[in-house]
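Have a look at the structure below, then the notes.
All values derive from a computational prediction rather than experimental measurement.
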Amino acid sequence: MTDASALPGQPRGGVLSGPATPRAVNVLAPNASAMTLDGTNTWILAEPDSDLAVVVDPGPLDDAHLRHVVDTAEQAGKRVALTLLTHGHPDHAEGAARFAELTGTKVRALDPALRLGDEGLAAGDVIRVGGLELRVVPTPGHTADSLCFHLPADQAVLTGDTILGRGTTVVAHPDGRLGDYLDSLRRLRSLTTDDGVHTVLPGHGPVLDDAQGAVEYYLAHRAHRLAQVETAVENGYRTPAEVVAHVYADVDRSLWPAAELSVRAQLEYLSEHGLIQGSTP
């Protein structure tokens, strides 16, 4: 057995579904895979004494899951009043339109193509529903439209795929860019140092009780991978596929296509900063 306190971010053990903080309940979607870990975390957020709730990332287009989210809220005496998206990847957003039908809610997202209703989401927005307060934190990098939601009352942040509960995330090049991602991690670090955030409510995997430790781990991991990629190019590995086979040799091959996206983002970053000559696509 591994001591959770020794793992990055201090992940919680036990069942993933259920209450995570006084205001956040997770309903785990049944879409586990190598990329989605245990499945997508669909978050129901509400003030304890309110009858209104916000749902973040309804998840895949799985009617049973979407109805289970509604039922979970209703069993707690809550009515879903708003749907939010951290980003547009199908495992988070594909079920949003159907969920809006089931709940009669609007869907707010950064990407206009994902919205249902007139309102989007932007940096600095504060969302208030039934006394609940969420602050929108722009965190591009995994994708261009990635957002996090700061839940001040619980000293928590919902991170979507920007920080996972286990492992590290993909910089989904060309939509995702490494420079943006590093800036986003630093922005999240400021939440932990300046705003008292200590809990990560991720889009996949367990809750993390050491937000600052998780962010620092991600920054260190990215710096390490970037150095590995730079060294690989200097040693003659030129194409993204060649770099992946060399740098990610210890990673399950089924994850190599995703790793290649991150490598492309790293090669682009190194080239833009004059650290390597242009590589072969």
Side-chain angles (χ1 to χ4, degrees), residues 8-9 11 35-37 40-41 43 56-57 84-89 91-93 108-112 114 120-127 134-152 155-205 207-208 210-227 229 258-259 261-273:
M35 289 297 295
T36 61
L37 305 181
T40 300
N41 294 333
W43 291 102
V56 177
D57 289 351
L84 303 175
L85 297 176
T86 61
H87 65 296
H89 278 167
D91 56 313
H92 294 257
R108 295 181 63 180
L110 178 61
D111 185 348
L114 299 171
L121 293 170
D125 282 354
V126 179
I127 299 161
L134 287 172
R135 300 174 185 173
V136 177
V137 183
T139 50
H142 170 66
T143 60
D145 70 329
S146 287
L147 298 170
C148 292
F149 297 103
H150 177 199
L151 180 55
Q155 297 179 294
V157 61
L158 290 87
T159 54
D161 282 356
T162 300
I163 292 180
L164 306 178
R166 185 170 67 250
T168 56
T169 198
V170 172
V171 179
H173 184 271
D175 184 46
R177 295 173 58 86
L178 180 59
D180 290 341
Y181 186 65
L182 295 174
D183 287 343
S184 293
L185 290 176
R186 296 183 189 108
R187 193 171 296 119
L188 290 175
R189 180 168 60 187
S190 74
L191 287 182
T192 71
T193 58
D194 302 337
D195 295 280
V197 167
H198 57 68
T199 302
V200 172
L201 306 176
H204 304 278
V207 172
L208 301 177
D210 177 14
Q212 185 173 0
V215 174
E216 296 293 357
Y217 171 78
Y218 266 64
L219 284 166
H221 171 79
R222 282 297 163 201
H224 178 63
R225 282 296 193 207
L226 199 59
V229 170
L261 297 179
S262 286
V263 165
R264 288 179 181 274
Q266 291 169 94
L267 291 171
E268 179 183 69
Y269 179 89
L270 290 167
S271 179
E272 289 174 348
H273 287 75

*Over all atoms of both residues, closest heavy-atom pair of V207 and T199*: CG1-CG2, 3.6 Å
_Taking CZ in R177 as the centre, count heavy atoms belonging to other residues, nucleotides or ligands within less than 6.0 Å. Is the count above 12?_
no
_L208 CG to R166 CZ distance, which is reported to the nearest 0.5 Å_ = 10.5 Å
_Nearest-0.5 Å distance, CD1 of residue I163 to OG1 of residue T169_ = 9.5 Å
*For the pair S190 (side chain) and R187 (backbone), establish whether a donor and an acceptor sit closer than 3.5 Å, ignoring hydrogens and angles.*
yes
*Measuring from Y218:OH to L185:CG, what's the distance to the nearest 0.5 Å?*
8.5 Å
*Run the side-chain contact (heavy atoms from CB on, under 4.5 Å) check on D210 and Q212 step by step: do they pass?*
CA-CA 6 Å; D210 177 14; Q212 185 173 0; 4.1 Å; yes
*asked:* I'd like to check L267 versus V229 (side-chain heavy atoms, cut-off strictly below 4.5 Å). Are they in contact?
replied: yes
*What are the two closest heavy atoms between L121 and R108, and how far apart are they?*
CD1-O, 3.5 Å
*Check step by step if side-chain contact (heavy atoms from CB on, under 4.5 Å) holds for V171 and Y269.*
CA-CA 11 Å; V171 179; Y269 179 89; over 6 Å; no
*Side chain proximity check, L134 to L84, heavy atoms < 4.5 angstrom*: yes
*Is the H87 ring parallel, tilted or perpendicular to the H92 ring (thresholds 30°, 60°)?*
tilted
*Check D91 against T40 and note the closest heavy-atom contact, atom names and distance.*
O-OG1, 2.8 Å
*Is the closest side-chain heavy-atom distance between D57 and L85 below 4.5 Å?*
yes
*asked:* Rounded to the nearest 0.5 Å, what separates atom OG1 in T162 from atom NE2 in H142?
replied: 7.0 Å
*When rounded to the nearest 0.5 angstrom, what distance separates CH2 in W43 from OG1 in T86?*
12.0 Å
*Would you please test H150 and V197 for side-chain contact (heavy atoms from CB on, under 4.5 Å) and show each step?*
CA-CA 8 Å; H150 177 199; V197 167; 3.4 Å; yes
*asked:* Run the side-chain contact (heavy atoms from CB on, under 4.5 Å) test on L114 and D145 for me, step by step, so that the C-alpha distance in whole Å, both residues' side-chain angles and the decisive distance to 0.1 Å come before the verdict.
replied: CA-CA 10 Å; L114 299 171; D145 70 329; 3.8 Å; yes
*asked:* For a 4.5 angstrom cut-off between non-hydrogen side-chain atoms, does T139 reach L188?
replied: yes
*Taking all heavy atoms of S146 and all of T143, pick out the closest pair and write down the distance.*
OG-OG1, 2.6 Å
*Any side-chain heavy-atom pair from C148 and R135 closer than 4.5 angstrom?*
no
*asked:* Between I127 and F149, is there a side-chain heavy-atom distance shorter than 4.5 Å?
replied: yes
*Does a side chain donor of either D161 or H204 reach within less than 3.5 Å of an acceptor in the other side chain?*
yes
*State, with a plain yes or no, whether a side-chain heavy atom of V137 is found less than 4.5 Å away from one of L191.*
yes
_So which atom in N41 and which in P202 form the shortest heavy-atom distance, rounded to 0.1 Å?_
ND2-O, 2.9 Å
*asked:* To the nearest 0.5 Å, what is the distance between CD on Q266 and CG on L226?
replied: 5.5 Å
_Are the side chains of T192 and H198 in contact, using a 4.5 Å heavy-atom criterion?_
no
*Closest contact, heavy atoms only, P140 versus S184*: O-OG, 2.6 Å
